[in-house]
Trainee: 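First the structure, then my questions, so here it is.
FYI, side chains are in, hydrogens and waters are out, and symmetry mates aren't considered; it's all heavy atoms of this structure.
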Amino acid sequence: MKIDIELIHDILYGEGRLEWDTETLKGISETYDFLKRFASDKVIYGINTGFGPMAQWRVSEDHLRDLQYNIIRSHATGAGEPLSDFFVRAGMLARIGSFAQCKSGVHPELVLLLTEFVNRGIYPFIPQHGSVGASGDLVQLAHMALCLIGEGKVHYCGEWRSTREVMDECGLKPMRIHIREGLSCTNGTSIMTGISAVNQLDAENLLRLATVAAVWMNEIAGSYDDLMAAPLNESRRHEGQIWIAGQMRQLSQGSRRLQKRENKLYSQSDEVQSAMVFKDKVQAYYSLRCAPQILGPIYDTLAYSRRVVEEELNAASDNPIVDPVTENVYHGGNFHGDYISLEADKVKIAMTRLAMVCERQLNYLCHDRINGILPPFLNMGTLGLNYGIQACQFTATSTTAECQTLAMPNYVHSIPNNNDNQDIVSMGTNSAELCGQVINNVYQVMSVLFLAMAQAVDCLNIKDELAPSTRAHYDAVRELSATIVEDRPLYGDLAAIEQYLKGKK
């Protein structure tokens, strides 16, 4: 079994279901059988010892089952609002991906029960706060495990209900403890990885929308199209820049707004040859002209983060690692969240940069002395009496500023804890959640930009000159928000456009 970003997308946003193949289930069963034999006369962390700094104490045979329940119950100490259903479901998928590596020694009953939760839309209550991301997501995963043993509460069919009540209604039985199910359920990077998988889908969507906006903005400005030319961008060599420029060329097909430099400034006409000052800008502002160079690094960042997230989705991230092939149990730190934490910070920074580009493009549209072709704030009413999208810019500016504050790397904020057993930690779940917050902010900034671009098209009366790709977005925005002439509250329009943009995943 392989868990990838596409499967996450299909299960979260489509009709996808998780199905086990017999070979993987057989591997999980064989690993469990090996561990049962191997652990019968050996000291193994978390099976017959305490946890963390308490590992120096051996636990007697008659308390081994209690030991596994105790780690679940004692660590269900999270605080704050519950994670969204999307994050929780993706976290469960990540935990399944870890168990599917056949390195955890859990009984197949556990993975089948967790699969039932995913497929039936049963979402454990998992609070935002609690993980330092070093023994993985101990606290958040304990909340997930608490529901698997039939305790705690779940979000089911839009309501918070007793887990046991929902399990009874669905004909499901709580997880039984066999050897180390409690430790395996709570130990790993699955929550930060699940959140990062959802963030990845949204970040890729935002980049696609920003590429559309880059073309649309240059259409509004009537820019020369060589900013996206293949020879120009290929000379820079970077894969992301080349890809963005290629996408822009595709998206701009059919546009009658973009100009050819060779047809105008390179022509031998008397008008061009005699002119000392040119009416049209010889080169557009950076936020328009440098789209391939600015969005390209974001593409490269997301390409690498996708690789890391998919590797982590299919990684054995608990401890110890049970290997029936070498007939050994290995103690280490596969639960450490540095890979995810670092990538979440990089994605967060990249998304903040994307918000900054959108905000500058919006400023170009609002600022009549800069663009030279549009009324102030795209005001199609009476100047002085009406205000166009003046106040919308406040929202975009303040939200972009918040992104800039949140862009501070979290990966470097290790604080030792757990009696200094966890002396350097990843804070990976915090990193992933902050990244998600920035992504949500970027959608809000972009909703203002899309509203403004549609308004600019109406100001210039150029909708029939747009490329089919950008015209489709113009039409979609206009279905949600009418042209602004007389002042009206726009918060509902922006919320509707934001949902439209999120739906493009």
Trainee: Decide whether His155 and Asp85 meet the rule of one side-chain donor and one side-chain acceptor closer than 3.5 Å.
Mentor: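 Present: a donor and an acceptor within the cut-off.
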Trainee: Would you please test Arg95 and Ser98 for side chain to side chain donor-acceptor pair (under 3.5 Å) and show each step?
Mentor: CA-CA 5 Å; Arg95 189 85 295 239; Ser98 184; 3.3 Å; yes
Trainee: Would you say the side-chain atoms of Lys103 pair up with the backbone N or O of Phe99, donor to acceptor, closer than 3.5 Å?
Mentor: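 Answer holds: no.
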Trainee: Determine the minimum heavy-atom distance between Phe450 and Ile497, stating which atoms define it.
Mentor: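 So the minimum-distance heavy-atom pair works out to CB-CG2, 4.2 Å.
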Trainee: Report yes or no: do His473 and Thr470 form a side-chain donor-acceptor pair below 3.5 Å?
Mentor: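 No.
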Trainee: Write down the atom of Met92, the atom of Tyr123, and the distance for their closest heavy-atom approach.
Mentor: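 The answer is CE-CD2, 4.3 Å.
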Trainee: Where the side chain of Ser29 meets the backbone of Leu25, is there a donor-acceptor pair that is under 3.5 Å apart?
Mentor: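 The answer is no, because no donor-acceptor pair under 3.5 Å joins these two groups.
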Trainee: Is any side-chain heavy atom of Met446 closer than 4.5 Å to a side-chain heavy atom of Leu354?
Mentor: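 In contact.
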Trainee: Under a 3.5 Å distance rule, please check whether Arg180 uses its side chain to pair with a backbone N or O of Ile47 as donor and acceptor.
Mentor: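 Between the backbone of Ile47 and the side chain of Arg180 there is no qualifying donor-acceptor contact (under 3.5 Å).
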Trainee: Stepwise, does the side chain to side chain contact (heavy atoms under 4.5 Å, CB included) test hold for Ile28 with His107?
Mentor: CA-CA 7 Å; Ile28 291 172; His107 194 278; over 6 Å; no
Trainee: Going by an N to O cut-off under 4.0 Å, is there a salt bridge joining Arg306 and Glu6?
Mentor: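 Salt bridge: yes.
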Trainee: Examine the side chains of His178 and Gln68 and answer whether a donor and an acceptor come within less than 3.5 Å of each other.
Mentor: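 His178 vs Gln68: no donor-acceptor pair found between side chains.
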Trainee: Please check: side-chain N/O of Thr31 versus main-chain N/O of Gly105, any donor-acceptor pairing under 3.5 Å?
Mentor: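 No, the answer is negative, given that no donor and acceptor are paired below the 3.5 Å cut-off.
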Trainee: Atom CD of Gln101 and atom CG of Asp323: how far apart are they, to the nearest 0.5 Å?
Mentor: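 So the CD of Gln101 and the CG of Asp323 are separated by 12.0 Å.
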Trainee: Nearest heavy-atom pair of Tyr156 and Cys170: which atoms, and what distance?
Mentor: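 For Tyr156 and Cys170, the tightest heavy-atom pair comes out as OH-SG, 3.5 Å.
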Trainee: Just do the side chain to side chain donor-acceptor pair (under 3.5 Å) check on Arg478 and Gln455 with the steps written out, would you?
Mentor: CA-CA 9 Å; Arg478 278 293 166 249; Gln455 184 76 2; 3.2 Å; yes
Trainee: Would you say the side-chain atoms of Trp57 and Thr49 include a donor-acceptor pair closer than 3.5 Å?
Mentor: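 Looking only at side-chain atoms, Thr49 and Trp57 do not form any donor-acceptor pair under 3.5 Å.
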Trainee: Any heavy-atom pair between the side chains of Met175 and Ile72 that's under 4.5 Å?
Mentor: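 Of all side-chain heavy-atom pairs linking Met175 with Ile72, at least one is under 4.5 Å.
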Trainee: Would you call Ser196 and Glu343 a side-chain contact if the rule is heavy atoms closer than 4.5 Å?
Mentor: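 Result no, sub-4.5 Å side-chain heavy-atom pair not found.
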Trainee: Could you tell me whether Asp33 and Lys36 make a salt bridge, using a distance below 4.0 angstrom between a side-chain N and a carboxylate O?
Mentor: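 Answer for the salt bridge query: no.
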Trainee: Please work out which of the three classes, parallel, tilted or perpendicular, describes the rings of Tyr299 and Trp243, given edges at 30° and 60°.
Mentor: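 Rings of Trp243 and Tyr299: parallel, under 30°.
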Trainee: Between the side chains of Asn328 and Thr326, is a donor N or O closer than 3.5 angstrom to an acceptor N or O?
Mentor: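 Their side chains do not contain a donor-acceptor pair, so the 3.5 Å distance test is not met.
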Trainee: Please enumerate all residues that pass side-chain hydrogen bond (donor to acceptor under 3.5 Å, both in side chains) together with Gln200, with sequence neighbours excluded.
Mentor: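 side-chain hydrogen bond (donor to acceptor under 3.5 Å, both in side chains) check on Gln200 returns Glu204, Ser305.
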Trainee: Would one find more than 12 heavy atoms of other residues, nucleotides or ligands at under 6.0 Å from atom NZ of Lys173?
Mentor: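 Incorrect, the count does not exceed 12.
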Trainee: Show every donor-acceptor pair shorter than 3.5 Å between a side-chain atom in residues 437-444 and any protein atom, with sequence neighbours excluded, or say none if there are none.
Mentor:
residue: Asn440; atom: OD1; partner: Lys502; partner atom: NZ; Å: 2.8
residue: Asn441; atom: ND2; partner: Glu402; partner atom: OE2; Å: 2.9
residue: Tyr443; atom: OH; partner: Asp202; partner atom: OD1; Å: 2.7
residue: Tyr443; atom: OH; partner: Asn205; partner atom: ND2; Å: 2.9

Trainee: Compute whether any side-chain donor of one residue and acceptor of the other, for Asp318 and Ser104, lie under 3.5 angstrom apart.
Mentor: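 There is such a pair (donor and acceptor under 3.5 Å, judged by atom type) between the side chains of Asp318 and Ser104.
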Trainee: Any salt bridge between Glu151 and Arg164, counting N to O under 4.0 Å?
Mentor: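 Salt bridge: no.
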Trainee: Would you say the side chain of Phe87 lies within less than 4.5 Å of the side chain of Asn199, judging by non-hydrogen atoms?
Mentor: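 In short, these two side chains touch, coming nearer than 4.5 Å.
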Trainee: Please list, chain by chain and in numerical order, all residues satisfying ring pair (Phe, Tyr, Trp, His ring centres under 6.0 Å) with His143, sequence neighbours excluded.
Mentor: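 With sequence neighbours excluded, His143 shows a ring pair (Phe, Tyr, Trp, His ring centres under 6.0 Å) to Phe125, given in chain and number order.
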Trainee: Just wondering, are more than 12 heavy atoms of other shown residues or ligands nearer than 6.0 Å to CD in Glu239?
Mentor: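 Counting neighbours around CD of Glu239, 12 or fewer heavy atoms of other residues, nucleotides or ligands fall under 6.0 Å, so no.
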Trainee: Once rounded to the nearest 0.5 Å, what's the spacing between atom NE2 of His336 and atom OG of Ser426?
Mentor: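 The distance works out to 6.0 Å.
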Trainee: Indicate whether any N or O donor in one side chain lies under 3.5 Å from an N or O acceptor in the other, for Ser341 and Asp338.
Mentor: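 Asp338 and Ser341 do not have a side-chain donor-acceptor pair below 3.5 Å.
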Trainee: For Lys153, give me all partners under salt bridge (Lys or Arg N to Asp or Glu O under 4.0 Å), at least two apart in sequence or on another chain.
Mentor: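 With neighbours one apart ignored, the set is empty.
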Trainee: Given side chains that start at C-beta, do those of His413 and Asn410 come closer than 4.5 Å, heavy atoms only?
Mentor: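 Yes, at least one pair of side-chain atoms sits under 4.5 Å.
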Trainee: Which pair of heavy atoms, one from Gln128 and one from Gln140, lies closest together, and at what distance?
Mentor: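 Scanning both residues, the minimum pair turns out to be O-NE2, 2.8 Å.
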Trainee: Find the distance between CD1 (Ile191) and OG1 (Thr429) and round it off to the nearest 0.5 Å.
Mentor: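 Going from CD1 on Ile191 over to OG1 on Thr429, the span is 7.5 Å.
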Trainee: For the CG atom of Leu183 and the CG atom of Leu67, what is their distance to the nearest 0.5 Å?
Mentor: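 It comes to 8.5 Å.
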Trainee: With a 4.0 Å cut-off on N to O distance, would you call Arg161 and Glu169 a salt bridge?
Mentor: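 Answer for the salt bridge query: yes.
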Trainee: Does any non-hydrogen side-chain atom of Leu7 lie less than 4.5 Å from one of Leu18?
Mentor: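 In contact.
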Trainee: Do Glu15 and Asp10 have side-chain heavy atoms sitting under 4.5 Å apart?
Mentor: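 Counting from C-beta outward, Glu15 and Asp10 never come under 4.5 Å.
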Trainee: Roughly how far, to the nearest 0.5 Å, is the CG atom of Leu148 from the OG1 atom of Thr163?
Mentor: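 Result: 9.0 Å between the selected atoms.
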Trainee: Heavy atoms, side chains only, cut-off 4.5 Å: are Arg65 and Tyr69 in contact?
Mentor: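 Side-chain contact under 4.5 Å: yes.
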Trainee: Just by modelled atom types, is the Val132 backbone N or O under 3.5 Å from a matching donor or acceptor in the Asn430 side chain?
Mentor: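 Between the backbone of Val132 and the side chain of Asn430 there is no qualifying donor-acceptor contact (under 3.5 Å).
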Trainee: Charged N to carboxylate O under 4.0 angstrom, Glu310 versus Lys2?
Mentor: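 Salt bridge: no.
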Trainee: Please enumerate all residues that pass ring pair (Phe, Tyr, Trp, His ring centres under 6.0 Å) together with Phe51, with sequence neighbours excluded.
Mentor: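 In terms of ring pair (Phe, Tyr, Trp, His ring centres under 6.0 Å), with neighbours along the sequence ignored, Phe51 is linked to no residue.
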Trainee: Could you pull out the closest heavy-atom pair between Ala90 and Gly194, with the gap in Å?
Mentor: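 That would be CB-O, 3.3 Å.
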Trainee: Quick check for you: to the nearest 0.5 Å, what is the distance between Ile96 atom CD1 and Leu114 atom CG?
Mentor: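 Ile96 atom CD1 to Leu114 atom CG measures 4.0 Å (nearest 0.5 Å).
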Trainee: Between Met144 and Pro124, which heavy-atom pair has the shortest distance, and what is it?
Mentor: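 Taking Met144 first and Pro124 second, the nearest heavy atoms are CA-CB, 4.0 Å.
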Trainee: Please enumerate all residues that pass salt bridge (Lys or Arg N to Asp or Glu O under 4.0 Å) together with Glu19, with sequence neighbours excluded.
Mentor: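 Here the qualifying residues are Arg17.
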Trainee: Just by modelled atom types, is the Ser131 backbone N or O under 3.5 Å from a matching donor or acceptor in the Asp137 side chain?
Mentor: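 Flag not set: sc Asp137 to bb Ser131 has no pair under 3.5 Å.
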Trainee: Check step by step if side chain to side chain contact (heavy atoms under 4.5 Å, CB included) holds for Gln499 and Ser447.
Mentor: CA-CA 9 Å; Gln499 290 308 307; Ser447 70; over 6 Å; no
